[in-house]
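Every chain is numbered from 1, with letters handed out A, B, ... down the list of sequences.
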Amino acid sequence: MSDLKIYNSYSRQKEVFTPITPGHVGMYVCGPTVSGESHLGHSRPYITFDVVYRYLTYLGYKVRYVRNITDAGHFEEEGREAEDKISKKALLERLEPMELVQKYTNLFHWAMDRFNTIPPSIEPTATGHIVEQIEMIRKLISEGYAYEVNGSVYFDVKKYAANYDYGKLSGRIMDDLLETTRELEGQSEKRDLADFALWKNAAPEHIMRWPSPWGVGFPGWHIECSAMATKYLGPQFDIHGGGMDLLFPHHESEIAQSTICNHQNPVRYWIHNNMITINGRKMGKSYNNQIMLTQMFSGDHPLLEKAYHPMVIRFFVLQTHYRSTLDFGNEALQASEKGLKRLWEAYEKLGVIGTPAGQAGSDLGAGAPDIELDKKVRRLIRELSEFMNDDFSTAKVMANLFELVPVINGIKDKVIPVSAISAETLDLMKISFRVWLEDILGLKGISDADNQLLQGVMDLLVEIRKEAKGKKDFATSDKIRNQLTQLGILLKDEKDGGMSWGLA
RNA sequence: GGUCCUGUGGCCGAGUGGCUAGGCAGAGCUCUGCAAAAGCUCGUACAGCGGUUCGAAUCCGCUCGGGACCUCCA
């Protein structure tokens, strides 16, 4: 169906993508833990996999995209009581646990919408799949790979490692794991330090709790993904994505659980995105260096020089390869902002080239065809697919789109005659920009000027200014432009006598 | 300590051994009533030291620096 190559974290090499069921793709991506507000770091996986989803769809695959909401809260915070993060905070904020979870889920959805990410096909919650998780744990016990102690159930990693390749995904060596695993609460009841919890007995103060065959408790962190992925995508599916920080232990454990339960390796292609760093360090709770998305959008954070539009962040993320780290910085963000504006304006100009509105039509025939230019344009467009097929190289895709910008501006400003490129090439450019910019990269313009009323008022002002300019009444024309500038509206004179405007 | 990744011009970043990625900032020029925008031109960067090679940012070794995971984590 395509020549798409994906870097598979499991094999550590690029592999040609071949779906299990021809024409269909099952993709699971680890979603957010909604015990708190999403920060800038969270934008990376969801934007990355949104583009993966969009591209697979563009290639013609019918994709079932499953992304979970972790709302059951996790535990085992070192040194503390086995207290659920969510329930603890709930007490502080005097909210019901589910009320809190709902609040952050809504906030997450709001941010994802602003990023223009397409909602997943299914967005299952951990709390909504307690039954499935319990069922899976039962199965693991009956298979002999899990054991119960004091109302908790653990996965027997040592036994699994003896028969399967535990640690392959994360490059871990079993012997090292046994030595380097830290002392954690509840460790004593495990048979081995490397074992992980499938079900935890809930202490009395623990608010989130469900009855189970082993008593009242709550599910372990890794089991939800295995249970929900199996339920909606089957015992083996095509793509599993998530942040690199989830490689171990989360994804390694998922493989172990699912393999025992379903008797096959659950995932064909593992895709992991790299981290967003700030001053070279990963953004994360433990580092206390996070900038929340609400703060990014509002500019309300000491590290932010200004507010950044969600599309600027999306652009920023896509300008680098998903497997590289991306370093946060005001200068870099502002570069993205200007870059996006330039690209988007060129895209809008492209839309009217060759039409009566954009070109007078009189000088359309002027100038000889520029074979070289035509070839260059076609090459740049052809390469877009090649780059994307090479493990989603969005950075290169954008570089090529930028190389087309001077061509578009040149034609618009009549530095390059329209006739330099063939009508077919012009059409190809128009279609390509729409498909790549909007459909695949999922970008949108930043300007909020889609207001009918404002549009009408601006048309009027532009009209008056044109008249003033015609009479060489520069006092009036400058007044209009300067006053608008103060209001945050940039008015620009075009080469062809027209005027364009946009919000600064 | 173990495993792994990484070090590119002012900033962010592509880079498959030989063919100036790209964006932003900066400089000059053109266009323009002025401005903005736009167009053209410019910086010869690859942590350091060795090695392999006709040729290395790209492969190997060492040194120095940064980071990730091993604990919740996108």
Side-chain angles (χ1 to χ4, degrees), chain A residues 12 29-33 35 38-49 70 73-79 85 167 170-173 175-177 179-185 194 221 241-250 252 272-277 279-287 290 315-316 319-321 323-343 345-346 349 387 390 393-403 405-406 408-410 412-413 415-416 469 472 474 477-478 481-482 485 490-495 500 502 504:
Chain A
R12 288 151 198 263
V29 173
C30 287
T33 300
S35 60
S38 302
H39 58 76
L40 178 62
H42 293 106
S43 63
R44 181 89 116 130
Y46 308 125
I47 290 172
T48 297
F49 289 104
T70 297
H74 298 127
F75 21 79
E76 294 193 352
E77 287 183 279
E78 47 188 301
K85 275 189 294 179
S170 54
R172 233 129 286 225
I173 296 157
D175 291 341
D176 294 342
L177 280 175
E179 286 164 20
T180 59
T181 306
R182 295 190 193 181
E183 272 302 332
L184 294 171
E185 173 278 325
W221 175 35
M244 275 183 184
D245 49 354
L246 299 180
L247 269 165
F248 189 88
H250 186 54
E252 198 69 61
H272 289 95
N273 64 274
N274 213 317
M275 303 291 106
I276 286 182
T277 59
N279 295 324
R281 175 160 258 128
K282 174 188 170 186
M283 188 177 287
K285 280 174 210 151
S286 344
Y287 298 110
Q290 350 157 52
F315 183 95
F316 175 64
Q319 230 181 347
T320 159
H321 187 85
R323 281 191 287 116
S324 303
T325 52
L326 173 58
D327 202 41
F328 161 88
N330 280 288
E331 230 181 317
L333 254 339
Q334 279 159 39
S336 291
E337 182 176 283
K338 292 198 175 172
L340 173 58
K341 270 189 177 164
R342 194 165 113 89
L343 193 57
E345 277 171 20
K349 286 180 201 166
F387 294 155
D390 185 18
S393 285
T394 53
K396 285 181 166 184
V397 166
M398 289 176 104
N400 268 28
L401 290 176
F402 268 109
E403 287 204 59
V405 168
I408 294 168
N409 285 331
K412 183 69 172 60
D413 292 344
V415 176
I416 301 170
K469 273 189 76 178
K472 297 223 185 289
F474 297 124
S477 67
D478 283 353
R481 190 178 58 199
N482 293 338
T485 304
L490 290 181
L491 200 58
K492 291 179 277 191
D493 291 344
E494 304 276 305
K495 288 247 159 87
S500 65

Within the structure shown, what part of the strands sits under 4.0 Å from A:I276 by heavy-atom distance: base, sugar-phosphate, or nothing?
base
Out of B:G22, B:A68, B:G39, which nucleotide sits closest to the side chain of A:R281?
B:A68
Please evaluate the base of B:C69 for a donor-acceptor partner in the side chain of A:S170 within a cut-off of under 3.5 Å?
no
Could you please name the partner base of B:U53, counting Watson-Crick and G-U wobble pairs only when both distances are under 3.5 Å?
none
Check the distance between B:C69's P and A:M275's CE and give it to me in whole angstrom.
8 Å
Does A:M244 reach the side chain of A:M275, with side-chain heavy atoms less than 4.5 Å apart?
yes
What does A:G41 touch in the nucleic acid at a heavy-atom separation under 4.0 angstrom: a base, only the sugar-phosphate, or nothing?
base
For A:Y287 and for A:L40, find the nucleotide of RNA chain B with the closest heavy atom, then tell me which residue's nucleotide is more 5'.
A:Y287
Between B:C64 and B:A47 - C1' atom distance, rounded Å
8 Å
Salt bridge check, A:K396 against A:D390: does any charged N sit closer than 4.0 Å to a carboxylate O?
no
What is the separation between atom CD1 on A:I173 and atom C1' on B:G1, rounded to the nearest whole Å?
13 Å
Is the closest side-chain heavy-atom distance between A:T325 and A:I276 below 4.5 Å?
no
Is the aromatic ring of A:Y46 within stacking range of B:A74, meaning centres under 5.5 angstrom and planes under 30 degrees?
no
To the nearest 0.5 Å, how far apart are CZ in A:R323 and CG in A:N273?
11.5 Å
By nearest atom, which of the nucleotides B:C40, B:A74, B:A38 is closest to the A:K349 side chain?
B:A38
Does A:E252 reach the main-chain N or O of A:S170 with its side chain, forming a donor-acceptor pair under 3.5 Å?
yes
Distance, P atom - from B:G13 to B:U8, rounded to whole angstrom
9 Å
Does B:A74 have its OP1 or OP2 closer than 4.0 Å to a side-chain nitrogen or oxygen of A:T33?
yes
At under 4.0 Å between heavy atoms, what does A:F474 touch on the DNA or RNA strands: base, sugar-phosphate, or nothing?
base
A:F315 CZ to B:G22 C1', in whole Å, measures 9 Å
Between the base of B:A74 and the side chain of A:N274, is one N or O donor paired with an acceptor at under 3.5 angstrom?
no
Please determine whether side chain to side chain contact (heavy atoms under 4.5 Å, CB included) holds for the pair A:K285 and A:Q290, giving the CA-CA distance in whole Å, both sets of side-chain angles, and the decisive distance to 0.1 Å.
CA-CA 7 Å; A:K285 280 174 210 151; A:Q290 350 157 52; 3.9 Å; yes
Find the distance A:M244:CE to B:G67:P and express it as a whole number of Å.
17 Å
When the ring planes of A:H42 and A:H39 are compared, do they come out parallel, tilted or perpendicular, using 30° and 60° as the limits?
tilted
Scanning all shown strands, the Watson-Crick or wobble mate of B:U20 with both distances under 3.5 Å is none
Within less than 4.0 Å of OP1 or OP2 of B:C4, is there a side-chain N or O belonging to A:R172?
no
Map A:S286 and A:E345 onto RNA chain B by nearest heavy atom, then report which one ends up closer to the 5' terminus.
A:E345
Can you tell me if CG on A:N279 sees more than 12 non-hydrogen neighbours from other groups inside 6.0 Å?
no
Using a heavy-atom cut-off of under 4.0 Å over every strand shown, decide if A:A332 touches base, sugar-phosphate, or nothing.
sugar-phosphate
Considering only the P atoms, how many Å lie between B:A27 and B:A37, rounded to the nearest integer?
13 Å
Any non-hydrogen side-chain atom of A:P406 less than 4.5 Å from a side-chain atom of A:N409?
no
Among B:G39, B:U3, B:G33, which nucleotide sits nearest the side chain of A:R342?
B:G39
Pairwise N/O distances under 3.5 Å, protein to nucleotides 13-20 of chain B:
unit_1	atom_1	unit_2	atom_2	d
B:G13	OP1	A:D327	N	2.5
B:G13	O3'	A:T320	OG1	3.2
B:A14	OP1	A:T320	OG1	2.4
B:A14	OP1	A:H321	N	3.1
B:A14	OP1	A:S324	OG	2.9

Quick one: do A:R44 and A:N274 satisfy side chain to side chain contact (heavy atoms under 4.5 Å, CB included)? Show the steps, please.
CA-CA 8 Å; A:R44 181 89 116 130; A:N274 213 317; 3.9 Å; yes
Distance, C1' atom - from B:G48 to B:G7, rounded to whole angstrom:
11 Å
Can you measure A:K282 atom NZ to B:U6 atom P for me and round it to whole angstrom units?
18 Å
Gap in Å between the two C1' atoms, one belonging to B:A74 and one to B:U32, rounded
49 Å
Check whether any side-chain nitrogen or oxygen of A:R481 sits under 4.0 Å from OP1 or OP2 of B:A35, and answer yes or no.
no
Partner lookup for B:A38, please. Criteria are Watson-Crick or G-U wobble with both distances under 3.5 angstrom; report none if nothing qualifies.
B:U30
Complementary nucleotide for B:C64 - Watson-Crick or wobble, under 3.5 Å
B:G7
Within the distance-only criterion (no hydrogens, no angle test), does the side chain of A:T320 pair as donor or acceptor with the backbone N or O of A:F316 below 3.5 angstrom?
no
Atom pair CZ (A:R481) and CZ (A:F474), whose distance is rounded to the nearest 0.5 Å
10.0 Å
Using atom C1' in both nucleotides, what's the gap between B:U71 and B:U16 to the nearest angstrom?
38 Å
Which atom pairs link the protein and nucleotides 25-28 of chain B when you take only N or O atoms and keep those under 3.5 Å?
unit_1	atom_1	unit_2	atom_2	d
B:A25	OP1	A:K338	NZ	2.9

C1' atom, B:C19 versus B:C49: distance in rounded Å?
29 Å
Counting just side-chain N and O atoms, does A:N273 come under 4.0 Å of either OP1 or OP2 of B:A74?
no
Provide, to the nearest angstrom, the distance between the CG atom belonging to A:L247 and the P atom belonging to B:C70.
10 Å
Any strand, both distances under 3.5 Å, Watson-Crick or G-U wobble: B:C69 pairs with B:G2
Same-atom distance (P) from B:C40 to B:A25, integer angstrom:
15 Å
A:L246 near the nucleic acid: base, sugar-phosphate alone, or nothing, with a heavy-atom cut-off under 4.0 Å?
sugar-phosphate
Salt-bridge test for A:E494 and A:K349: reply yes if a basic N is under 4.0 Å from a carboxylate O, no otherwise.
no
Got a donor-acceptor pair under 3.5 Å from the side chain of A:D493 to the base of B:C31?
no
What's A:D478 touching, base or sugar-phosphate or nothing? Going by heavy atoms closer than 4.0 Å.
base
Find the distance between OG (A:S477) and CG (A:D493) and round it off to the nearest 0.5 Å.
8.0 Å
Can you check the A:M398 CE to B:G22 C1' distance for me, whole Å?
10 Å
Would you mind classifying the nucleic acid contact of A:E494 as base, sugar-phosphate or nothing, using non-hydrogen atoms under 4.0 angstrom?
nothing
What's the NE2-P distance between A:H42 and B:C72, to the nearest Å?
15 Å
